[in-house]
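Here the structure is laid out as structure tokens; the discussion comes afterwards.
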Amino acid sequence: MRLRRLNRWLVEGLREDLADLYVESRATAPGDAYRRPSRQNFLNRLTTDMRRPGFAMVIGETDRLMGCAFGFPVRGDGSWWLGFDGPLPRAIEQLTVSGRVFSFSGILIRPHPQDRGLARRVQEGLLTDHQASLGATLVDRADRPTLAALRSWGWLDVGGLRGPADPTMFRVLVFPLGERTTARLEGLVTMPGGGGPGGA
């Protein structure tokens, strides 16, 4: 498995492969009430994200695309956190102001036996490339399979967030890079199902 960093031009050339990866990595289990956004919705969101300052993507590949992570740096003004349920934890606020937080718009991993290792590699690759100490992402709280996958890949649930123009309640998950950042976040983790700070 090799990692490769892609610029916007290279991502544009892989749009259909990325959409295929999205569909395969987000297959809905029978009986799952949550309906994932469509392939076209994914492509629209990718196009929007590619226009953001600092957009970056890391892919993992063998003879085919196996996974990717992409996103953009969080601005130091804290606007990414608007709608956070309760006060923003001080450690997260400090990392945001210092420009050390990277927003993951997507992490797509083709199901296979080493998916946890690949997820960690693409996540850490993006954070290292951007000299970030903390990854952050929003997940619809009804999307239990994605929440479970992220938690299994080392993400920590730190609370809820409701966007100003969106009635959806999101879970806020963070991915600390390094022991020092992890230590700063101790005690902030929300337990699945409602325990801990900000539980839903």
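Fair warning: this is a prediction, and the values are worked out from it, not measured in the lab.
- Contact check for Arg64 versus Met66: side-chain heavy atoms found under the 4.5 Å cut-off.
- Nearest approach of Leu173 to Arg151, heavy atoms of both residues: CD2-CG, 4.3 Å.
- Nearest heavy-atom pair, Arg8 versus Arg51, reported as atom, atom and distance to 0.1 Å: NH2-C, 4.2 Å.
- Closest approach of Leu10 and Arg5 over heavy atoms only: CD1-O, 4.5 Å.
- Identified under the ring-ring contact (aromatic ring centres under 6.0 Å, His included) test for residues 78-109, with sequence neighbours left out: Phe102-Phe104, Phe102-His130, Phe104-Trp155.
- Residues Arg162 and Asp85 are not in side-chain contact: their nearest non-hydrogen atoms beyond the backbone lie 4.5 Å or more apart.
- Taking CZ of Arg121 as the reference point, atom CE of Met1 lies at 7.0 Å (rounded to 0.5 Å).
- Results of the side-chain contact (heavy atoms from CB on, under 4.5 Å) test with Val122 over Ile59, Leu108, Ile109 single out Ile109 as the only residue that passes.
- Taking CZ of Arg110 as the start and CG of Leu118 as the end, the distance is 10.5 Å to the nearest 0.5 Å.
- Note: Phe42 and Phe70 have perpendicular aromatic rings, judged against thresholds of 30 and 60 degrees for the angle between ring planes.
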side-chain contact (heavy atoms from CB on, under 4.5 Å), that's the test. Do Thr137 and Gln123 meet it? Break it down for me.
CA-CA 11 Å; Thr137 195; Gln123 292 164 173; over 6 Å; no
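- Rounded to the nearest 0.5 Å, atoms CZ (Arg15) and OH (Tyr22) are 14.0 Å apart.
- Atoms CG and CG, from Leu95 and Leu177 in turn, are 11.0 Å apart once rounded to the nearest 0.5 Å.
- Here the side chain of Asp157 pairs a donor or acceptor atom with the backbone of Gly159 at under 3.5 angstrom.
- Note that OG of Ser25 and CD1 of Ile107 are 10.5 Å apart. Values are rounded to the nearest 0.5 Å.
- Between Asp17 and Leu21, the closest side-chain pair of non-hydrogen atoms is not below 4.5 Å.
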For Arg100 and Leu134, run side-chain contact (heavy atoms from CB on, under 4.5 Å): C-alpha distance rounded to whole Å, both residues' side-chain angles, the deciding distance at 0.1 Å, then the answer.
CA-CA 6 Å; Arg100 305 291 305 241; Leu134 189 70; over 6 Å; no
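- Shortest non-hydrogen contact noted between Val101 and Ala136 is CG1-CB, 4.0 Å.
- The two residues Cys68 and Leu18 have their closest heavy-atom pair at SG-CD2, 3.8 Å.
- A pairwise comparison of heavy atoms in Arg39 and Asp20 identifies NH1-OD1, 2.6 Å as the closest pair.
- A donor-acceptor pair under 3.5 Å is formed between the side chain of Arg45 and the backbone N or O of Ser105.
- Taking CE of Met57 as the start and CG of Leu46 as the end, the distance is 5.0 Å to the nearest 0.5 Å.
- Within the 4.5 Å cutoff, the side chain of Asp140 has no heavy atoms near those of the Leu147 side chain.
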